[in-house]
Amino acid sequence: MRTSVLSLRIDHDLLERLRGRAAKRGMSVQDYVVRTLMRDDFDERFQAAVEETERFYGVT
């Protein structure tokens, strides 16, 4: 798997909320953010596949 680095600047309050959510799951902030982005990406791809299937079968 090829990886790259993404650097971003975020508000202190947001970072603290992310730290709290990550800690509840026993994760680092980095892992929490990556998993959240991956889940969101999956949701979008899944919805697109459902819509394409519905168009194919003529379901509205």
Side-chain angles (χ1 to χ4, degrees):
M1 175 175 161
R2 187 172 160 218
T3 62
S4 299
V5 174
L6 170 67
S7 176
L8 60 125
R9 187 179 307 243
I10 61 173
D11 178 84
H12 175 75
D13 293 335
L14 174 58
L15 179 58
E16 290 305 310
R17 287 195 307 273
L18 290 172
R19 281 185 179 141
R21 291 177 183 177
K24 286 180 184 178
R25 292 162 178 80
M27 304 168 72
S28 69
V29 172
Q30 178 180 341
D31 288 341
Y32 177 78
V33 170
V34 168
R35 285 192 178 198
T36 300
L37 291 171
M38 289 171 62
R39 184 179 62 239
D40 185 59
D41 180 58
F42 171 80
D43 291 347
E44 287 181 21
R45 288 183 291 130
F46 180 76
Q47 184 60 41
V50 167
E51 290 170 0
E52 185 175 326
T53 301
E54 289 175 345
R55 279 192 303 274
F56 180 79
Y57 288 106
V59 177
T60 54

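Small disclaimer: the values here were computed from a predicted structure and weren't measured.
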Less than 3.5 Å apart, which donor and acceptor atoms pair up between the side chains of residues 4-12 and the rest of the protein, not counting sequence neighbours?
residue : atom : partner : partner atom : Å
D11     : OD2  : D13     : N            : 2.9
D11     : OD2  : L14     : N            : 3.3

Between CG on residue D41 and CZ on residue R45, distance to nearest 0.5 Å: 4.5 Å
I'd like to know if L37 and L15 are part of one continuous hydrophobic network [Ile/Leu/Val/Met/Phe/Trp/Tyr, side-chain heavy atoms within less than 4.5 Å]. yes
Derivation of the side chain to side chain contact (heavy atoms under 4.5 Å, CB included) call for D40 and E44: CA-CA 6 Å; D40 185 59; E44 287 181 21; 3.2 Å; yes
Please output the side-chain donor-acceptor pairs of residues 21-31 that fall under 3.5 Å, not counting sequence neighbours, one pair per line with the distance.
residue : atom : partner : partner atom : Å
R25     : NH1  : R21     : O            : 2.9
S28     : OG   : D31     : N            : 3.0
S28     : OG   : D31     : OD2          : 3.3

Hydrophobic cluster membership, with links at side-chain heavy-atom distances under 4.5 Å among I/L/V/M/F/W/Y: are F46 and M38 in one? no
